[in-house]
Structure formats: structure tokens, C-alpha cells
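The structure under discussion appears below in the form of C-alpha cells.
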Amino acid sequence: MFLTTPSLQLDPLWQLSADYAADPRSARLNLIIGVYRDENGDCPTMPSVRVAEGRLVERAPSKEYIGLSGNLEFNSAMTQLILGDEELVSRATTVQTVAGTGALRLLAELMSATGPHRTVYLGTPAYVNHPAILRAARLIVVEYPVSRNGTIDAEAVLRVANSARAGDLILLQGCCHNPTGLSMPGWLWDELADVMARKGVIPFIDQAYFGLGDGLEEDLEGMRRMLRVVPEAIIAVSASKAWGLYSERTGCAIVITRDGAQGDYARGVMEFVARADYSQPPAHGALVVAEILNDRALRAQWRAELEQMRSRLTHLRNELADELIALPNGDAFAGLREQRGMFLRLPFDSAQMDALREQYGTYGIPSGRLSLAGVPASRIPELATAIASVGARVDMATSR
């Protein structure tokens with residue numbers, strides 16, 4: 001069957017997860033995959049999700065196919081939540097997808113089908129799956145450094161926008177950038193919007209971590225300001241993080257167009273691609289989110305739970321930064337306080353991350369990213385000591 005058997009490179013995150021599972025050390029830390037964990041290391045089901053699921057069990061909704069665009073109530077509620085502006089909502093076309101990853105792929109395919117020679121500019125370091133998704137859709141990918149000295153490199157982002165051609169794309173993470181933990185400041189969203197509108201460059205926005213940075217509305221505000229300026233945009237939205245629905249594979253693709261005819265065409269293309277890729281999205285997660293967003297009390301409960309998660313992540317980050325800064329040579333870690341969301345990126349290279357894993361049983365990914373939510377608060381001092389020790393040994397070796 002297989003005429004050739006070329007070697008395959010396993011996904012680095014899942015390879016590390018396998019290595020973690022095989023590690024016999026009981027005190028090891030799994031800070032690899034981006035899921036929210038509680039103090040016991042468990043990935044909990046949010047109470048609001050349990051309430052919504054209980055209602056769905058009582059109603060026993062049909063298991064019938066839900067259509068190529070998915071759950072229409074979910075699509076409407078998510079569009080309202082993400083855009084928060086009736087004028088923007090009126091220009092939006094939304095389809096349910098197989099999580100945020102499916103939304104990225106569907107939108108990339110839409111852009112490829114409607115502009116076969118498009119270039120997409122991708123800031124690096126990037127989410128590990130971004131390059132693969134974009135190239136699989138036959139888009140031309142041009143990478144550029146998105147951060148410098150622990151902050152978003154505004155000059156680089158604006159330079160890319162000014163050099164792009166009409167119809168090209170710039171992939172922007174809406175907040176809590178994966179893996180750097182950085183969010184673009186409001187003024188940069190504004191300046192970038194002006195340049196992109198003038199040049200005819202299309203924002204391709206990945207919204208995966210809203211609500212886990214500075215707050216739900218705060219995390220969405222920069223994107224919303226851009227969308228009020230640019231005539232066209234595409235947005236991939238994940239429900240995995242904000243509702244803890246990782247295994248339910250729930251998300252949506254939102255297309256902002258100049259008029260309804262363009263929106264109808266975009267929907268037709270996305271439904272055509274979806275039909276060939278996976279036919280129809282799964283129903284359960286979308287039913288849960290729609291139940292929460294369309295009930296005032298349950299929506300308020302969910303927002304309070306999301307804020308608790310955000311507050312815990314912020315506390316963990318600040319506690320770790322405080323511990324590190326108090327240690328010798330701790331100034332190198334002061335920038336950690338400026339990061340946001342589920343991830344924390346250390347100023348480490350792959351060799352240092354290997355040392356952190358091999359010597360201290362702390363598993364992150366080679367870019368320096370740790371999944372902060374996987375750290376119990378009681379182990380923050382221990383983690384800080386391990387990080388500082390690895391950093392100090394490399395510094396001493398370099399200075400010899």
C-alpha cells in the first residue's frame with residue numbers, strides 16, 4: 001500500500017506529552033498543552049457548562065444533522081458576543097466550525113479560493129499550527145519577528161502592513177498571543193487599522209483566549225476598533241478556552257464584508273469546503289454555548305467563572321514573577337508581568353527548556369512557553385527555583 005515511507009516529524013506538543021506520560025517522576029509538571037487546570041491539576045468542567053448540559057439532558061434535543069453552517073443560534077450569539085456592535089454584526093457572516101483550528105482552516109481555504117496568489121504575513125514565534133494550516137490551504141506564508149525584548153515589535157508589524165499588497169492578509173492574534181503571552185496595545189490596533197484600510201490588506205484574526213487576559217470586553221476591544229475601520233476581515237473563534245470545551249471541538253468562522261452579497265458568497269464557499277472536509281460540525285458544544293449566552297442569569301454566571309479563571313492566571317503569573325525577581329539575576333524575568341493569558345514565555349532557548357525538563361521534570365515547549373494554568377500555586381516557589389537555576393547555569397557557562 002505504501003510505495004514509500006518517508007520519515008514523519010511528530011507534532012512536538014504531543015511528542016512531549018508522550019514523554020511526560022512516560023516520565024516516572026511523581027513531581028513532574030505538565031505545562032505543555034494549553035488547557036486550564038485547577039489546583040489539583042485537573043481540567044475542570046465549568047459549573048455554568050454543567051448547568052447548561054443538565055438542561056439539554058432534560059430537553060433531550062434531537063441528534064439530527066445540524067446543517068453545513070452549524071447551529072444558527074450559536075452562530076448568532078457568538079457573533080454578538082465577539083463583535084459587540086450592531087453595525088459590525090450587520091456586516092458579519094458566521095458559520096460554526098470544528099473548533100478554532102477548523103475555523104482557521106476554513107477561512108484560509110476561503111482566502112485561497114477567492115485569491116489564489118494571496119500572501120499571509122505571520123508573526124513569529126507563532127502558534128505551532130498556524131504555518132501548517134496556512135500552507136495546507138496553499139497560501140503563501142511570509143514570516144516576520146513579532147516581538148522584541150519581551151514586547152510586541154510595533155515597528156515590525158507596521159512595516160509589514162505598509163509593504164503588503166491589496167488582498168494580502170496579516171494574521172493577528174486577538175489577545176494573549178500564543179506563545180509570547182503578549183497583547184497588542186490599543187494604539188497599535190488603531191494605527192494598524194488605518195494602514196490596512198488604506199492599503200486594502202485584510203486582517204486575519206485568531207481569537208482563542210478572550211476573557212483570560214485583561215477581561216472579556218478589554219480583550220476584544222482592540223479588534224473591534226480595527227473592524228470599525230477596515231471594510232473586510234476574517235476572524236477564527238475558539239470556544240475551547242473560554243468555556244473549557246476542549247474535547248467538544250466548538251468554534252466559528254466570522255467574515256466581515258462590505259455588503260450582504262459578499263457575505264452570502266463567503267458562506268457558500270465555506271459550506272462547500274466544510275462539506276468536503278468534515279460535512280457538518282459537532283452539535284453538543286454549540287448547544288451548550290448557545291444555552292449559556294441566550295440565558296441572562298447563566299451568561300452572568302459564566303462571565304463570573306471566566307473572570308475567576310483570569311484572576312487565578314494573573315495571580316500565578318505575578319507570584320512566579322515576584323519569586324523569580326527576588327532571586328539572584330532575577331531581573332531577566334521582570335517582563336513576565338507584562339504577559340497575559342494562559343501561557344507564560346520564558347526567555348529560554350530550546351537547550352534551556354531541555355534542561356528544565358530533564359533536570360527538574362518541568363515540561364514546556366522548546367520556544368520557552370509554559371502553560372501557566374498547569375502550575376499549582378503551592379509549587380510556584382519550587383518552579384521559580386528551577387527556572388532560575390537553569391538560567392543561572394547557562395549564564396555562567398556563557399561568561400566563561
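- The side chain to side chain donor-acceptor pair (under 3.5 Å) check on T362 picks up nothing, with sequence neighbours excluded.
- For A242, the side chain to side chain contact (heavy atoms under 4.5 Å, CB included) partners two or more places apart in sequence, or in a different chain, are F210, W302, L306.
- Side-chain polar atoms of E232 and T257 form no donor-acceptor pair below 3.5 angstrom.
- Within the structure, side-chain hydrogen bond (donor to acceptor under 3.5 Å, both in side chains) pairs that include any residue of residues 140-152 do not occur (at least two apart or interchain).
- Residues passing the ring-ring contact (aromatic ring centres under 6.0 Å, His included) test with F333: none are found, sequence neighbours excluded.
- The side chain to side chain contact (heavy atoms under 4.5 Å, CB included) search around V142 returns T119, Y121, not counting sequence neighbours.
- Applying the ring-ring contact (aromatic ring centres under 6.0 Å, His included) rule to pairs touching residues 264-300 yields nothing, sequence neighbours excluded.
- Salt-bridge check for R37 with D42: failed, with every basic side-chain N at 4.0 Å or more from each acidic carboxylate O.
- Partners of D354 according to the side chain to side chain contact (heavy atoms under 4.5 Å, CB included) rule, which considers only residues two or more places apart in sequence or in another chain, are R357, E358.
- With respect to the salt-bridge test (charged N to carboxylate O, under 4.0 angstrom), the residues R303 and E217 qualify.
- Legend: ring-ring contact (aromatic ring centres under 6.0 Å, His included) pairs involving residues 18-52, not counting sequence neighbours, sorted by first then second residue: Y20-Y363.
- Legend: residues meeting side chain to side chain contact (heavy atoms under 4.5 Å, CB included) with V51, ordered by chain and number and at least two apart, are R55, L298, Q301.
- The ring-ring contact (aromatic ring centres under 6.0 Å, His included) contacts involving residues 172-203 comprise nothing, where partners must be two or more places apart or lie in separate chains.
- Listed by first and then second residue, the side-chain hydrogen bond (donor to acceptor under 3.5 Å, both in side chains) pairs that reach into residues 96-111 are R105-E109, E109-R138, sequence neighbours excluded.
- Among pairs with a residue in residues 22-31, those fulfilling salt bridge (charged side-chain N to carboxylate O under 4.0 Å, His left out) read D23-R25, at least two apart in sequence or across chains.
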